[in-house]
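Only a predicted model underlies this, so the values are computations on that prediction, with no experimental measurement involved.
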There are 2 protein chains.
Amino acid sequence: MTKELNSVQPKSDEVIVVNRREQILEAAVIVFAEHGYFRATTAQVAEKVGISQPYIFKIFKNKEELFVATLERAFERITRSFKGVNAPADQIVWEAIRVYERLMETHPNEIILQVQALGIRDEAIRQVIRQGMRDITELVKQIFVTAGMEHPEVEVSTFMANGMLCNISMTLGMPELKPKHLDRG
Amino acid sequence: MTKELNSVQPKSDEVIVVNRREQILEAAVIVFAEHGYFRATTAQVAEKVGISQPYIFKIFKNKEELFVATLERAFERITRSFKGVNAPADQIVWEAIRVYERLMETHPNEIILQVQALGIRDEAIRQVIRQGMRDITELVKQIFVTAGMEHPEVEVSTFMANGMLCNISMTLGMPELKPKHLDRG
DNA sequence: GGGTAGTGATTGATCAATAAATAAATTAAA
DNA sequence: TTTAATTTATTTATTGATCAATCACTACCC
């Protein structure tokens, strides 16, 4: 049922040292997205990696820190994706949408993770998501301004709102909730 | 610290029978909004009502059912608020926004509850929030159509997107995230 | 023989949920 | 109209599970 993720073939005698931290994060994203932060157990994450449950705590101080790390990773991927975006003013929004849509296809679990995090009341997690939202907003604004857009503030806000509705639509499994703009130009 | 909510003054000999179910729901909204569904304990809810913890389970089958009830209550309040909305096509959106903004002021905890619920992976809760979203979307659409609006589908979608961003802005305590439309017409 | 990578066994808290008992109120009987 | 019976409201005490986190140990490599 739960497939291990660390299926690494050592080439002859050369031992491939996989990064345990990365492996754990990779598994954690999946487990957290499926069961939610609180229902997910460190044992499930460990099982998916193929290590013992206590070993998680050799690498992450506690469960919260593990979740924070997965969340930060998710936000970093978003900002990294947006960093390269560049287009003339009349195309920049569609370009940004395109980039984000691809991200949602390739890393749906990270999107789910973020929607989860919106509702978590633990302060450490709230801080991460606040910072993440700030970073994305600022970055998108910078992109829109650079493209020479008319009303960047309003456009950024609209972009964030529709992006959020996209996330929620996906997390809830309600495709009918997706923003209607996106249907056709 | 945690103030009891059932401070009811019986008028002379006339005994005012307060509805325990309602009292519990009232307390639950507060406790859930503050700590989140999973961290909130039934003991905290009970303490706030001024009853014993096990008594909660005489009225609600389990914790999940209690949460579902609070969530349904929150959604009902939203739909009830929108039910009466009516205005000409060029004012209907602002009217809907006005109504929703008042709701956010009077019942912020119910909004927080909904944002929380977006990320919860338990199937019973997901169903409630899916239905709630469907109900609101449909109702807003009906209002917009009745007002004789040009592109109701797109407008409803935009309304939902900005509404969600509002909710998130509130839940995260990030006023700067609020939709920029709302600043001025 | 010390460092790195890892495991098995265990514990200590936390809570939802149950069960058994009690008090209070309401109805019925005498 | 007092009292007995019965139902309703509520509590105390307890349990049973679940898990994050710790500790003490092993195996391997340089």
Quick check on [N]: is either OP1 or OP2 less than 4.0 Å from any side-chain nitrogen or oxygen of [X]?
| X | N | answer |
| --- | --- | --- |
| A:Arg20 | C:dG6 | yes |
| A:Tyr55 | C:dT7 | no |
| B:Thr42 | C:dA16 | yes |

What's the [atom1]-[atom2] distance between [X] and [N], to the nearest Å?
| X | N | atom1 | atom2 | value |
| --- | --- | --- | --- | --- |
| B:Ile59 | D:dA9 | CD1 | P | 9 Å |
| B:Arg39 | C:dA13 | CZ | C1' | 13 Å |
| A:Ile24 | D:dA20 | CD1 | P | 14 Å |
| B:Glu65 | C:dA17 | CD | C1' | 13 Å |
| A:Gln53 | C:dT10 | CD | C1' | 11 Å |
| A:Asn62 | D:dT22 | CG | P | 8 Å |
| A:Lys63 | D:dT18 | NZ | P | 14 Å |
| B:Tyr37 | C:dT14 | OH | P | 20 Å |

Kindly point out which of [options] is positioned nearest to the side chain of [X]?
| X | options | answer |
| --- | --- | --- |
| A:Lys58 | D:dA24, D:dA20, C:dT18 | D:dA24 |
| B:Phe57 | C:dA5, C:dA16, D:dA21 | C:dA16 |
| A:Pro54 | C:dA17, D:dT11, C:dG8 | C:dG8 |
| B:Ser52 | C:dA16, D:dA20, D:dT12 | D:dT12 |

(message) Just to verify, which of A:Thr42, A:Leu66, A:Thr70 counts as forming a side-chain contact (heavy atoms from CB on, under 4.5 Å) with A:Ile24?
(response)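 The option that passes is A:Leu66.
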(message) Strictly distance-based, threshold 3.5 Å: is any side-chain N or O of B:Asn62 a donor or acceptor partner for the main-chain N or O of B:Glu65?
(response)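 Yes, B:Asn62 side chain to B:Glu65 backbone: donor-acceptor pair under 3.5 Å.
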(message) Has A:Arg77 got a side-chain atom pairing as donor or acceptor with A:Glu110's backbone, closer than 3.5 angstrom?
(response) no
(request) Test the A:Lys63-A:Tyr37 pair against the cation-pi criterion, namely NZ or CZ under 6.0 angstrom from the six-membered ring centroid and within 45° of the ring axis. (result)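 Yes, A:Lys63 sits over the ring of A:Tyr37.
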(request) Go through the side-chain N and O atoms of B:Gln131 and B:Arg134 and say whether any donor and acceptor fall under 3.5 Å apart. (result) yes
(request) Could you tell me whether B:Ala40 contacts a base, only the sugar-phosphate backbone, or nothing, with contacts defined as non-hydrogen atoms closer than 4.0 Å? (result) sugar-phosphate
